[in-house]
Every structure is written in structure tokens, then in C-alpha cells.
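Encoded as C-alpha cells, the structure appears first; notes follow it.
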Amino acid sequence: MADYVIEMLNITKEFPGIKANDNITLQLKKGEIHALLGENGAGKSTLMSVLFGLYQPEQGCIKKNGEVVKINNPNDANALHIGMVHQHFKLVEVFSVLDNIILGVEPNKMGFLQKKEARKKVVELSERYGLKVDPDALVEDISVGMQQRVEILKMLYRDNEILIFDEPTAVLTPQEIDELMEIMRGFAAEGKSILFITHKLAEIMSVADRCTVLRKGKYMGTVEIKNTTKEELSRMMVGRDVNFAVEKAPAKPGEVVLDVQGVTVPSRLHKNNAVSNVSFQVRRGEIVCLAGIEGNGQTQFVHALTGLEAMSAGSIRLCGQDITKASIRERSKLGMSHIPEDRHKHGLVLDYTLEENMVLQRYWQPEFQNHGFIKFGAVRQYSDRLIQEYDVRSGQGSDTVARAMSGGNQQKAIIAREIDRNPQLLVAVQPTRGLDVGAIEHIHKQLVAQRDAGSGVLLVSLELDEVMNVSDRILVMYEGEIVGEFDPKHVTVEELGLYMAGAKRMGKED
């Protein structure tokens, strides 16, 4: 009588200070794409981690094809043909693609590794599902989109029939997202069942059959996608109407706050430069967006701008001062704030508490220390205020260890810290990656508020909607060069896409 391939019935999972899942029921049909929607910290990843055996629930049970099953760890999940692509990939960077795919289920005869058979199976799977990968490439040398393909191939290699995708598009380019949606449709057509965690309503509307909504750990309901709208889903998710348009007055650019001339950054992967002779300016009171497909030098440029990487030529001036060789702290003191692309590597000290992370850029200021001794009361007060203002959700407030928070709430903490410093220049790289619609609306308002308060904002984004709606001026980067400059009011998404893909470029910039 099993109508459902997976049933999670009355699941409750608690952590110190927080009920991550509060009596949640989720039912997955065979061959359907079932979206799981909710705000940052609503309990989506926790629920999927229970299904994958990473957590044990305090209450509730899981059924597969109508039979109650016990999933103590991911090996049990794999034995039940349940696979998961995690939000932060679980790959060994110094291993090859092939070694990562077969890790834990290595084929062997008499104890000897049989890589030839494994390679054959991996190549067959990659061709069959259009997941082209180089089996011999090292994971650390391939793009994020390619790493995701490796994670999907890991599931297929283990013959998984129930596929969990946790925020699979958070790190992908628009083109890669379209490819992934096609791949998911193909899986469903074959009879595989997909659970798909996302914040992006457009993706749910285009690919899902049904959607279950969670809010603050509680079950809000399951809806058929053909009978609902984006507005209705966002209301279920955040409990209020969300404005999808970015409201802002026309920009009033003032004096130059950032002047970049001839910046060149060598590549670590090949002989060519990652960034070649890039020049532009950002003025007070404007949002300039650096747009481009991932892997075209934006990361290396931002690292050079913020002091994380050395440049081989060019100069950078901030508020009229030459900061080409300045340290990160000197740039910070001069008024540069940086919301980094990789929140784990460059944004947070994961084993510090939330309040320690909130004052990372300021703990030496008189407000927070006296003769070298930290004023813990002042730090706590400051952290509590930012948590309140930016709706950073965590089990134990300022005491929460950053590692224990959801990805979206980690992002909100970084944004709160960087924007609250009232910078002269705010460098925001993928600021809304992995955030829900309510949080995105808030962050966009904050970027515009910074602009209106007289800061210069350099936004680096792959999200074309964000590029078009938030920026006052768009610079397109392709293969390390600026290939076009546009006014968002006078350019189409299609036109931008051609420049981003390198099919068109303006006459060489001076």
C-alpha cells in the first residue's frame, strides 16, 4: 500500500537552546521532485541530515516503501539507496575526481584496488547523465560547478534512488543552474525521487512537483506547485509579504572613493594572468557591480583589492591614499569592509563564538578594550544588537559557536559585522548567496542604505536578477579583463549574458 517511497513522520530534533525540527512530517512520492523551502535556520538541512543518518531524532520515525527503517549513519542511508549532496561539499581536495567518487566503496579483488572498472563506470555515468568531468583532475583544481558534478556522480555510482540536494544552486552560475535543473528532470523521469532544499522560488516553480514549507522548525504545509504562486510560497515561508523589487532612488555619485589602475594578478593554475590590466573607479553614493561567470578572475581581483593576494602590476587608491601594498588591517582602518565569497575560509573563525566573530575587525578599538584587556560586557552588548538588527538566528545567541549555525545565518553575521562599520568602501562578494527571500530583501535594502549614506559599494555577483536590480553601473569581467560597462536601465539580461560568455566585448577600455 506504500504510496510514498520515503515518509518522515513526526520528526523532532533538538540542539542546545533550539528545537531545529518540531514534529515535522514529510512524504516523498516515487519519481517526484519535492522541494523543501524555508528561511535560513528553519531546519531544512537538519531534517535532511536526519534522513541521511547524520543525526538521530529525539522523536518520530522514518519509513521506506511503507516499512519502518532505522538509519544510524550515512552507510545505512546508502544501503537504503539514499544519497545526499551537501551544501558544503564533502570532497577530499588533494584526491582526484575518480578517487573522490569511489571513496568508501572502492572496487577490489583479493584486496587489490580495481580502478579500471571504476573508471569505466564513472565515465559511463558521466556520459549518460551529461555530467562531463575529468576523472584524473584534482578536486582542488576544478571549479565549484565541477565539484558539484563530482558529488552527484558519487550518488549515482552508489546506485542511489532517493537523491537529496541541499542548496545545490547556491554556488552555481545561471548556466550551470539550468543544466542542473535538466539533470534533475532526467533523474525524475527515470523514476528516481528527489528532495531539493532551496531558497530560490523561481527554481521551485520551474522544476518541483510539490513543495513542503518549514518556518522556525515547524511544518507549515505541503502544496502542489501547479496550484500555487511565488508570492504565496514566500508568505508561507516568512509569514509576511515580501517585496521582490529593489526600491531605490537614482544614484548621486560623489567623489572617487576607489581608484583601480592597471591591476594585474598572476594565476596559480596556469601561465596566463588571472586578472589583466583592470582599471575602473567607484564613487561615493553608487553601487558598481562586477558581473561575470564564475572563474573569470573576479575572485583573484577581489583578493588583490582586499589584500588577500599579491598583484604583479597596477595600483589601488582608497579615499585618495595608495593602498597597493597596505596590509589587510590598514585597508580595514582606512574604511574598507569586505563581505567575502568564502564565508568559512575568509569570513569567520568557525570555532569562535558569534560575539567573538562580530568584533574581529574592531576588538582593538577603545570601545572594546582597555590597556589590552577586552571589555567583554561591551562586546556582548554590541553582538546582541547586531543579532537583533540582522535577525541572526542561533541556539544560544552571542554564545553560539559559529560552526553550529546554518550557512545563511553565518552569512548574515558577516554582513552585519561589515556593514555596521559604516565603511567608505563596501566590497560585497555574493552577499546574498544561500539566503532566503526575506533576508535577501533586507540585505539589498542595507546595500542601498550604505550607498545613500555616502559609501561606495562594489558588488560582485553571479545572480543576474541582483546585478540588474541593485547596481547603478555594471562592469562585465571575462577572462580577467573588463569587457563592457553598462547602465542597468539600458541593457537586457540577454545582452549581459553575451558579454559574460565572451561572445561580445566593447572596444578595449582605456
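- Taken to the nearest 0.5 Å, the CG atom of Leu51 stands 8.5 Å off from the CD1 atom of Ile11.
- Residues Pro340 and Gly347 share a closest heavy-atom pair of CG-CA, 3.5 Å.
- At least one donor-acceptor pair under 3.5 Å links the side chain of Lys248 to the backbone N or O of Ser471.
- When all heavy atoms of Asn21 and Thr46 are compared, the closest pair comes out as OD1-CG2, 3.5 Å.
- Formation of a donor-acceptor pair under 3.5 Å by the Asn357 side chain with backbone atoms of Thr353 is found in this model.
- Residue Ile323 holds its CD1 atom at 10.0 Å from OG of Ser315, rounded to the nearest 0.5 Å.
- Shown here are the side chain to side chain donor-acceptor pair (under 3.5 Å) partners of Glu495, two or more places apart in sequence or in another chain: Lys504.
- Atoms CG and OG1, on Leu37 and Thr198 in that order, are 7.5 Å from each other to the nearest 0.5 Å.
- Partners of Asp452 according to the side-chain contact (heavy atoms from CB on, under 4.5 Å) rule, which considers only residues two or more places apart in sequence or in another chain, are Val448.
- Distance CZ/Phe165 to CD/Glu151: 10.5 Å, rounded to 0.5 Å.
- Gln410 has its side chain within reach of Leu350: a pair of non-hydrogen atoms, C-beta onward, lies under 4.5 Å apart.
- Looking at Lys412, its side chain does come within 3.5 Å of a backbone N or O of Asp391 through a donor-acceptor pair.
- At a threshold of 4.5 Å between non-hydrogen side-chain atoms, the residues Val429 and Gln298 do not count as touching.
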Assess whether side chain to side chain contact (heavy atoms under 4.5 Å, CB included) is satisfied between Leu36 and Leu195, documenting all intermediate values. CA-CA 7 Å; Leu36 189 56; Leu195 282 162; 5.7 Å; no
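- The heavy-atom pair separating Pro168 from Ile197 by the smallest distance is CD-O, 3.3 Å.
- A salt bridge does not link Asp166 with Lys44: every distance from a Lys NZ or Arg NE/NH1/NH2 to an Asp or Glu carboxylate oxygen is 4.0 Å or more.
- Residues Asn296 and Met500 have side chains not in contact (no heavy-atom distance under 4.5 Å, counting atoms from C-beta outward).
- Residues in residues 320-343 take part in no salt bridge (charged side-chain N to carboxylate O under 4.0 Å, His left out) pair, two or more places apart or across chains.
- A salt bridge does not link Glu232 to Arg235: none of the charged nitrogens lies less than 4.0 Å from a carboxylate oxygen.
- Around NZ of Lys375, the count of heavy atoms belonging to other residues, nucleotides or ligands within 6.0 Å exceeds 12.
- Under the side-chain contact (heavy atoms from CB on, under 4.5 Å) criterion, Glu255 pairs with Arg284, not counting sequence neighbours.
- Shown here are the side-chain contact (heavy atoms from CB on, under 4.5 Å) partners of Val92, two or more places apart in sequence or in another chain: Val94, Phe95, Asn100, Leu103.
- Within the structure, ring pair (Phe, Tyr, Trp, His ring centres under 6.0 Å) contacts touching residues 287-306 (residues at least two apart or in different chains) are Phe280-Phe301, His303-His346.
- The heavy-atom pair separating Glu309 from Pro266 by the smallest distance is OE2-O, 4.3 Å.
- To the nearest 0.5 angstrom, Met358 atom CE is 11.0 Å from Phe368 atom CZ.
- Inter-residue side-chain proximity for Leu360 and Arg417 is flagged as met; some heavy-atom pair is nearer than 4.5 Å.
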Evaluate the criterion side chain to side chain contact (heavy atoms under 4.5 Å, CB included) for residue pair His338 and Leu308; output intermediate values, then yes/no. CA-CA 11 Å; His338 177 205; Leu308 289 168; 4.0 Å; yes
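- Checked options Gln361, Gln424, Arg421; the residue passing with Ser337 is Arg421 (criterion: side-chain hydrogen bond (donor to acceptor under 3.5 Å, both in side chains)).
- Inter-residue side-chain proximity for Leu233 and Met205 is flagged as met; some heavy-atom pair is nearer than 4.5 Å.
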Verify side chain to side chain contact (heavy atoms under 4.5 Å, CB included) between Val467 and Ile474, making sure each step is shown before the conclusion. CA-CA 7 Å; Val467 171; Ile474 302 169; 3.7 Å; yes
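- Among all heavy-atom pairs drawn from Gly217 and Ile24, the shortest one is O-CD1, 3.3 Å.
- Proximity of Met311 to Val275: side-chain heavy atoms (C-beta onward) are nowhere separated by under 4.5 Å.
- Qualifying salt bridge (charged side-chain N to carboxylate O under 4.0 Å, His left out) partners for Glu367, counting only residues two or more places apart in sequence or in other chains: Arg362.
- A donor-acceptor pair is defined here as one N or O able to donate and one able to accept, closer than 3.5 Å; no such pair exists between the side chain of Asp472 and the backbone of Pro250.
- Atom CG of Asn409 is separated from atom OG1 of Thr400 by 9.5 Å, given to the nearest 0.5 angstrom.
- Within the 3.5 Å criterion, the main-chain N or O of Trp364 finds a donor-acceptor partner in the side chain of Gln369.
- Judged as a side-chain contact (heavy atoms from CB on, under 4.5 Å), and not counting sequence neighbours, the contacts of Glu58 are Lys13, Glu14.
- Remark: Arg473 pairs with Glu286, Glu485 by the side chain to side chain donor-acceptor pair (under 3.5 Å) rule, at least two apart or across chains.
- A side-chain donor-acceptor contact under 3.5 Å links Asp384 and Ser398.
- No side-chain donor-acceptor contact under 3.5 Å links Ser383 to the backbone of Arg380.
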side-chain hydrogen bond (donor to acceptor under 3.5 Å, both in side chains) between Tyr390 and Asp420, worked out: CA-CA 10 Å; Tyr390 285 80; Asp420 194 70; 5.5 Å; no
How far apart are the C-alpha atoms of Lys19 and Thr12, what are their side-chain angles, what is the distance that settles it, and do they pass the side chain to side chain contact (heavy atoms under 4.5 Å, CB included) test? CA-CA 8 Å; Lys19 234 181 202 183; Thr12 297; 4.2 Å; yes
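- In terms of the salt bridge (charged side-chain N to carboxylate O under 4.0 Å, His left out) criterion, residue partners of Glu389 (sequence neighbours excluded) are, by chain and number, Arg385.
- With Val288 as reference, Leu475 is the one residue of Leu258, Leu459, Leu475 to meet the side chain to side chain contact (heavy atoms under 4.5 Å, CB included) rule.
- Looking at every heavy atom in both residues, Pro431 comes nearest to Ile415 through O-CD1, 3.2 Å.
- A 4.5 Å side-chain heavy-atom check between Met48 and His86 finds every atom pair outside the cut-off.
- Evaluation of the side chain to side chain donor-acceptor pair (under 3.5 Å) rule for Arg403 yields Asp351 as partners, not counting sequence neighbours.
- Between the side chain of Thr306 and the backbone N or O of Val302 there is at least one donor-acceptor pair closer than 3.5 Å.
- Looking only at distances, no side-chain donor or acceptor of Ser455 sits under 3.5 Å from a matching main-chain atom of Val457.
- With contacts defined as side-chain heavy-atom distances shorter than 4.5 Å, the pair Tyr499/Val491 does not qualify.
- Tyr219 pairs by the side chain to side chain donor-acceptor pair (under 3.5 Å) definition with Thr222, not counting sequence neighbours.
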